[in-house]
There are 2 protein chains.
Amino acid sequence: MLITIDLQSEIPLYLQLKTQLIKGIATGELAEGEPLPSFRQLSADLGINMLTVKKTYDQLKQEGYLTMHRQKGAVVNGQLHARMTDQYVLTLKQQLAPFITEAFCYGMKKAQFTAICNALYEELEEGKEND
Amino acid sequence: MLITIDLQSEIPLYLQLKTQLIKGIATGELAEGEPLPSFRQLSADLGINMLTVKKTYDQLKQEGYLTMHRQKGAVVNGQLHARMTDQYVLTLKQQLAPFITEAFCYGMKKAQFTAICNALYEELEEGKEND
DNA sequence: TATCTGTTATATTAGTAATATAACAGATAG
DNA sequence: CTATCTGTTATATTACTAATATAACAGATA
């Protein structure tokens, strides 16, 4: 899986890495049970510090995406859908609200906003099929 | 307009203030041409530093929500819809992508995600009618 | 026995968030 | 004119996060 890090970006390195790994899990490019690269290898490949990679893995582990395995290292979890709790839905709402409020101010219609979301969703669904 | 600040929150104070002011503009509670409270007054009311309020106003000004007026202070802008550029749409997409990827991983269906967005949109539309 | 792994620890640098305090010039009400 | 409010600017300090460098330790493996 190709991962790119932008050292000029305002987005923290560990977040850039995190979103790309989650996307890989979403599309199935990183399949259930598949081990991720080791800290040292990935940090060397990306040219960043080992602890920055560890921080990403730690968060993914805490959010249920990964499990640490004595022999394989970091392994992609299955059963992720079990994590869609009411609390998650509530948090998602709070996170989306500012974006929708801004779009509304800028005159974006509900239909256009929905279309953007659907397009992003379908991108993932298509990726999931091509495995 | 009622504004509440949570000093315990992980969200920076200036962002808490910013999102609430934008929501006020979205719903029309803060109408076009209406002046906002002065730095000193608002910061005293909220119990935070003047420069924190200024930082919020500065960003709102840069994003086109406000104009500084010699006599009135910070005034709400009209013509916000003119700001919906292609660049904005692109940025919005990039900002939404991580949330959608996460929701997808957690097994949330496209329809449920859309329903959440629509509900948030309609909240604003209703607020806009009651003026 | 080396070597790779994840883990943990310490220290340092840089940037942001937030504060305190102070001073200055423009606008305004008495 | 004077006092007061406004936005603006500047300096300094505290706290936290992001990211790095470096090192050491124990478990797994070839």
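Below, read A as the first sequence line, B as the second, and so on, with proteins coming before strands; counting in each chain starts at 1.
- A heavy atom closer than 4.0 Å to some atom of DNA chain D occurs in A:R70, these being the qualifying members of residues 62-70 of chain A.
- Atom CG of A:D86 sits in a sparse spot, with 12 or fewer heavy atoms from other residues, nucleotides or ligands closer than 6.0 Å.
- Between B:Y106 and A:Y88, the angle of the ring planes goes over 60°, which puts this pair in the perpendicular group of the 30/60° scheme.
- Protein atom CG of B:L42 is 15 Å distant from nucleotide atom C1' of C:dA18, rounded to whole Å.
- For A:I11, the CD1 atom is loosely surrounded, since the number of other residues' heavy atoms within 6.0 Å does not exceed 12.
- Atom pair A:F39:CZ and D:dA26:P shows a separation of 19 Å (rounding to whole Å applied).
- Distance CG (B:D58) to P (C:dA18): 14 Å, rounded to an integer number of Å.
- Not less than 6.0 angstrom separates the ring centroid of A:Y57 from the ring centroid of A:Y14.
- Less than 4.0 Å separates DNA chain C from no heavy atom of any residue of residues 3-11 of chain A.
- Using a 4.0 Å cut-off, some side-chain N or O of A:Q71 falls inside it from OP1 or OP2 of D:dT29.
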What N/O pairs connect the protein and nucleotides 9-18 of chain D at under 3.5 Å? Give each pair on its own line.
| from | atom 1 | to | atom 2 | distance (Å) |
| --- | --- | --- | --- | --- |
| D:dA18 | OP1 | A:Y14 | OH | 2.8 |
| D:dA18 | OP2 | A:K55 | NZ | 2.4 |

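- In this structure the side chain of A:N77 never reaches within 4.5 angstrom of the side chain of A:I25, judged on heavy atoms.
- Contact check on A:E123 versus B:K93 returns no salt bridge, with no Lys/Arg side-chain nitrogen under 4.0 Å from an Asp/Glu carboxylate oxygen.
- When each of C:dT19, C:dA27, D:dT6 is scored by its nearest atom to the side-chain atoms of B:T52, the top-ranked nucleotide is C:dT19.
- Between A:Y57 atom OH and C:dT5 atom C1' there is a gap of 12 Å when expressed in whole angstrom units.
- Of the residues near DNA chain D, B:L36 and A:L15, the one whose nearest nucleotide (by heavy atom distance) lies more toward the 5' end is B:L36.
- A:E122 meets the salt bridge (charged side-chain N to carboxylate O under 4.0 Å, His left out) test with B:K110; sequence neighbours excluded.
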Output the pairing pattern of DNA chain D as a dot-bracket string, 5' first, Watson-Crick or G-U wobble with both distances under 3.5 Å, | for cross-strand pairs, [ ] for crossing pairs. ||||||||||||||||||||||||||||||
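- Each of B:N49 and B:R40 lies near DNA chain C, and the nucleotide nearest B:N49 is the one positioned closer to the 5' end.
- The backbone N or O of A:Q16 lies less than 3.5 Å from a partner atom in the side chain of A:Q20, making a donor-acceptor pair.
- With sequence neighbours left out, A:K61 forms a side chain to side chain contact (heavy atoms under 4.5 Å, CB included) with A:D58, A:M68.
- Annotation: side chain of A:K23 is not in contact with side chain of B:F104 (no heavy-atom distance under 4.5 Å).
- When all heavy atoms are compared, the tightest approach of A:T101 to B:A26 is CG2-CB, 3.7 Å.
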Side chain to side chain contact (heavy atoms under 4.5 Å, CB included), that's the test. Do A:T52 and A:L17 meet it? Break it down for me. CA-CA 9 Å; A:T52 305; A:L17 180 56; over 6 Å; no
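- Whole-Å rounding puts the B:I48 CD1 to C:dA18 C1' distance at 9 Å.
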